[in-house]
Participant: 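Handing you this structure, nothing more for now.
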Amino acid sequence: MPELPEVETIKNELLPLITGRRITGITLPWEGIVKESSIEEFRHRLTGRKITDISRRGKYLILSLDSDDLLIIHLKMTGSLILKRDCEEPPDYVRAVIHLDNGSSIFFRDLRKFGVLRLLMETGEIESKLGPEPLDDDFTPKVLAQRLARRTASIKAVLLDQKVVAGIGNMYADESLYASGIHPERPAGSLTKGEIEHLHKAIRQILWAAIGHKGASVNTYFLPDGSEGTAHYFFRVAHGKGKTCPVCGSPIERIAVRNRGTYFCPKCQRMK
DNA sequence: CCCGGAACCTGAAGGC
DNA sequence: TGCCTTCAGGTTCCGG
């Protein structure tokens with residue numbers, strides 16, 4: 001499940017390999033992956049264009065083109081981008097292929113077909129859906145506090161809201177709440193200043209560390225070369241079925257918050 | 001605006 | 001063995 005660290009890793013890995021490359025064609029084994037433009041228009045606007053940059057905002061990947069179009073990629077839950085030579089065996093579940101002028105292609109594989117490709121002229125549409133980048137310098141505890149204030153929903157649900165903070169998903173929400181000793185069902189607006197400061201620090205540390213480990217390959221996430229990240233080896237509660245708390249030894253509990261599997265230590269993360 | 005639940009999808013895993 | 005149910009969890013849509 002690609003969240004901020006996984007998407008950041010894909011961006012970092014692809015950047016030196018595809019910038020400057022020209023797109024020679026698009027293959028769409030599943031046309032439903034393209035949103036908001038016709039297949040013909042999509043192909044036409046991409047074919048022959050040069051990729052000038054690749055960046056990330058929240059969980060979105062943004063390929064900049066020399067036409068000033070932006071190719072917006074969202075991997076949703078099971079998407080990954082695999083870069084392969086055209087002479088190699090293609091991966092399974094390929095929904096789109098971006099053919100490049102150096103004999104390689106970017107394969108968008110996505111078991112569950114939730115992934116999305118769309119062309120935009122500017123980033124306004126995705127900016128309007130996203131809150132601050134948690135790793136930017138201007139994401140301060142005060143900014144987080146303002147975004148949690150007066151919210152009655154659980155802190156877990158609010159952390160998953162991309163308008164509050166961009167890029168946090170189920171795994172890193174659980175890890176951040178565990179690290180800051182906050183019960184996932186606490187109303188977001190009830191957190192104290194000290195708890196918010198702790199949570200803010202935990203979010204940044206955990207996301208930075210996960211990027212250092214090139215993301216967490218808990219399910220269908222792979223790096224563009226097909227290898228796996230190792231961030232999940234360092235998870236303390238996320239996907240912690242049958243695990244025990246590394247601090248107090250209590251069994252990790254699983255509850256559902258907004259239909260999300262939520263793991264926490266009932267002793268270290270109290271409701272108060 | 002805020003909140004929670006359903007929908008979108010497909011395969012793996014577990015129960016019987 | 002095989003069928004059935006449940007689980008996985010990012011985003012959007014919809015009703016309250």
Side-chain angles (χ1 to χ4, degrees), chain A residues 1-11 28-36 56-62 72-81 91-96 108-118 120 123 125-131 133-134 146-177 184-191 207 210 215-222 228-229 231-232 235 237-243 252-264:
Chain A
M1 299 116 217
E3 303 180 26
L4 186 153
E6 289 73 33
V7 180
E8 178 73 11
T9 299
I10 292 168
K11 183 262 289 177
L28 294 167
W30 185 66
E31 295 186 345
I33 196 169
V34 176
K35 305 296 180 193
E36 285 162 23
R56 177 194 61 76
R57 178 77 171 91
K59 300 171 193 168
Y60 293 89
L61 274 172
I62 304 168
I72 310 295
I73 301 174
H74 201 300
L75 301 169
K76 294 288 179 87
M77 289 193 284
T78 57
S80 55
L81 298 180
D92 292 336
Y93 309 117
V94 172
R95 311 306 184 191
F108 191 146
R109 66 186 299 274
D110 182 21
L111 188 151
R112 288 173 69 181
K113 295 184 175 176
F114 287 171
V116 169
L117 291 176
R118 56 159 47 124
L120 294 178
T123 57
E125 190 186 317
I126 60 172
E127 283 300 325
S128 67
K129 298 175 186 170
L130 298 176
E133 282 293 320
Q146 284 167 351
R147 307 215 154 225
L148 301 184
R150 291 173 298 282
R151 298 286 297 253
T152 58
S154 68
I155 182 63
K156 169 75 184 275
V158 172
L159 283 179
L160 294 179
D161 181 348
Q162 300 299 294
K163 275 187 178 167
V164 173
V165 185
I168 298 175
N170 204 42
M171 302 181 295
Y172 296 107
D174 281 359
E175 288 298 308
S176 299
L177 289 170
E185 289 181 301
R186 287 273 304 284
S190 76
L191 269 57
L207 294 179
S217 289
V218 294
N219 204 345
T220 53
Y221 162 75
F222 297 97
E228 297 191 350
H232 53 299
F235 283 169
V237 290
H239 298 272
K241 246 176 248 172
K243 287 185 189 168
I252 296 302
E253 249 179 54
R254 180 192 185 278
I255 57 174
V257 176
R258 286 273 260 140
N259 277 331
R260 301 291 178 278
T262 298
Y263 297 91
F264 71 106

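Naming convention: chains lettered A, B, ... in sequence-line order (proteins, then strands); numbering from 1 in each chain. All of these numbers come straight from a predicted model, not from anything done at the bench. Both backbone and side-chain heavy atoms feed into the values below; hydrogens, waters and symmetry mates do not.
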Participant: Under 3.5 Å for both donor-acceptor distances, Watson-Crick or wobble: does C/dG9 have a partner, and if so which one?
Facilitator: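 Check on C/dG9: unpaired, no WC or wobble geometry under 3.5 Å.
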
Participant: How close or far is atom C1' of C/dG9 from atom CE of A/Met171, stated in whole angstroms?
Facilitator: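 One finds 10 Å between C1' of C/dG9 and CE of A/Met171, rounded.
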
Participant: If you measure only the distance, is there a donor-acceptor pair under 3.5 Å linking the side chains of A/Tyr172 and A/Glu6?
Facilitator: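 Their side chains do contain a donor-acceptor pair, which is all the 3.5 Å distance test asks for.
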
Participant: Ignoring backbone atoms, test whether A/His74 places a side-chain nitrogen or oxygen under 4.0 Å from the OP1 or OP2 oxygen of C/dT11.
Facilitator: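 The answer is yes; a side-chain N or O of A/His74 sits under 4.0 Å from OP1 or OP2.
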
Participant: Answer with yes or no whether A/Arg260 presents, from its side chain, a donor or acceptor under 3.5 Å of a partner atom in the base of C/dT11.
Facilitator: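 Under the 3.5 Å cut-off, the side chain and the base do form a donor-acceptor pair.
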
Participant: Looking at every strand, decide which applies to A/Tyr221 at a 4.0 Å heavy-atom threshold: base, sugar-phosphate, or nothing.
Facilitator: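 Nothing, no nucleic acid heavy atom in range.
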
Participant: Could you tell me the Watson-Crick or G-U partner of B/dG14, where both distances fall under 3.5 Å? Say none if there is no partner.
Facilitator: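 Across all strands, the one nucleotide that pairs with B/dG14 is C/dC4.
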
Participant: Taking for each residue the nucleotide of DNA chain C with the nearest heavy atom, is it A/Gly261 or A/Lys129 whose nucleotide lies nearer the 5' end?
Facilitator: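 Of the two residues, A/Gly261 wins.
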
Participant: Any N or O donor-acceptor pair linking the side chain of A/Arg258 to the base of B/dG5 at under 3.5 Å?
Facilitator: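 By the distance-only test, yes, there is a pair.
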
Participant: Nearest nucleotide by nearest heavy atom, which residue falls closer to the 5' end of DNA chain B, A/Asp161 or A/Met77?
Facilitator: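 The answer here is A/Asp161.
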
Participant: Write down the distance between CG (A/Asn259) and P (B/dA6), rounded to a whole number of angstrom.
Facilitator: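 After rounding, the reported distance stands at 7 Å.
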
Participant: Would the number of heavy atoms belonging to other residues, nucleotides or ligands and lying under 6.0 Å from NZ of A/Lys129 be above 12?
Facilitator: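 Above 12, so yes.
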
Participant: Distance check needed: B/dC8 P versus A/Trp30 CH2, whole Å only.
Facilitator: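 After rounding, the reported distance stands at 12 Å.
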
Participant: Does A/Tyr172 make a side-chain N or O approach to OP1 or OP2 of C/dG10 shorter than 4.0 Å?
Facilitator: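 A/Tyr172 to C/dG10 OP1/OP2: no side-chain N or O under 4.0 Å.
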
Participant: Between A/Leu130 and A/Lys163, is there a side-chain heavy-atom distance shorter than 4.5 Å?
Facilitator: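 Heavy-atom side-chain distance check fails, nothing below 4.5 Å.
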
Participant: Just wondering, do A/Phe114 and C/dT11 stack (centres under 5.5 Å, planes under 30°)?
Facilitator: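 It does not: the ring fails the test against the base of C/dT11.
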
Participant: Distance check needed: B/dT10 P versus A/Leu75 CG, whole Å only.
Facilitator: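 Atom CG in A/Leu75 sits about 18 Å away from atom P in B/dT10.
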
Participant: Just distance, no hydrogens or angles: give the donor-acceptor pairs under 3.5 Å from side chains in residues 72-79 of chain A, sequence neighbours left out.
Facilitator:
{"unit_1": "A/His74", "atom_1": "ND1", "unit_2": "A/Lys76", "atom_2": "N", "d": "2.9"}
{"unit_1": "A/Thr78", "atom_1": "OG1", "unit_2": "A/Asp110", "atom_2": "OD1", "d": "2.6"}
{"unit_1": "A/Thr78", "atom_1": "OG1", "unit_2": "A/Arg112", "atom_2": "N", "d": "3.1"}

Participant: Please state whether the phosphate of B/dC8, meaning OP1 or OP2, lies under 4.0 angstrom from any side-chain nitrogen or oxygen of A/Lys113.
Facilitator: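 Checking B/dC8 against A/Lys113, no side-chain N or O comes under 4.0 Å of OP1 or OP2.
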
Participant: Is the shortest heavy-atom distance from the side chain of A/Tyr221 to the side chain of A/Ile10 under 4.5 Å?
Facilitator: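 In short, these two side chains touch, coming nearer than 4.5 Å.
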
Participant: With a 4.0 Å cut-off on N to O distance, would you call A/Lys156 and A/Glu185 a salt bridge?
Facilitator: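 No, this pair does not count.
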
Participant: NA contact type, A/Thr152, heavy-atom cut-off 4.0 Å: base, sugar-phosphate, or nothing?
Facilitator: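 Result for A/Thr152 = sugar-phosphate.
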
Participant: Taking the side chain of A/Ala153 as heavy atoms from C-beta outward, which of C/dG10, B/dC3, B/dT10 is closest to it?
Facilitator: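 Taking heavy atoms from C-beta onward, the closest nucleotide is B/dC3.
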
Participant: Is a donor on one side and an acceptor on the other found under 3.5 Å between the side chain of A/Glu125 and the backbone of A/Leu120?
Facilitator: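 Between the backbone of A/Leu120 and the side chain of A/Glu125 there is no qualifying donor-acceptor contact (under 3.5 Å).
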
Participant: Side chain of A/Asn170 only, please: which of B/dG4, B/dG11, C/dG10 is the nearest?
Facilitator: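 For the A/Asn170 side chain, the nearest candidate turns out to be C/dG10.
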
Participant: For a quick test of reading the model: is some side-chain N or O of A/Gln162 closer than 4.0 Å to OP1 or OP2 of C/dT11?
Facilitator: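 So the side chain of A/Gln162 is within the cut-off, an N or O lying under 4.0 Å from OP1 or OP2 of C/dT11.
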
Participant: Within this structure, what is the CG-to-P distance between A/Asp92 and B/dG11, rounded to whole angstrom?
Facilitator: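 Taking CG of A/Asp92 and P of B/dG11, I get 10 Å after rounding.
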
Participant: Figure out the CG/P separation between A/Asp110 and B/dT10, and round it to whole Å.
Facilitator: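 For the pair A/Asp110 CG and B/dT10 P, the rounded distance is 10 Å.
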
Participant: Mind calculating the distance between NZ (A/Lys163) and P (C/dC13) to the nearest angstrom?
Facilitator: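 Going from A/Lys163 (NZ) to C/dC13 (P), I get 11 Å.
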
Participant: So, is A/Arg151 close to the B/dC3 phosphate, meaning a side-chain N or O under 4.0 Å from OP1 or OP2?
Facilitator: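 Yes, because at least one side-chain N or O of A/Arg151 sits under 4.0 Å from OP1 or OP2 of B/dC3.
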
Participant: When rounded to the nearest Å, what value does the distance between P atoms of C/dT11 and B/dG11 take?
Facilitator: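 Approximately 22 Å lies between the P atom of C/dT11 and that of B/dG11.
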
Participant: Which whole number of Å gives the distance between the P atom of B/dG5 and that of C/dC7?
Facilitator: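 Going atom to atom, P in each nucleotide, I get 15 Å.
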
Participant: Which residue, A/Arg95 or A/Arg150, contacts DNA chain B at a nucleotide closer to its 5' end, judged by nearest heavy atom?
Facilitator: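 The answer here is A/Arg150.
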
Participant: Rounded to the nearest Å, what distance is computed from the NZ atom of residue A/Lys35 to the C1' atom of nucleotide C/dT11?
Facilitator: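 The answer, rounded to whole Å, is 11 Å.
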
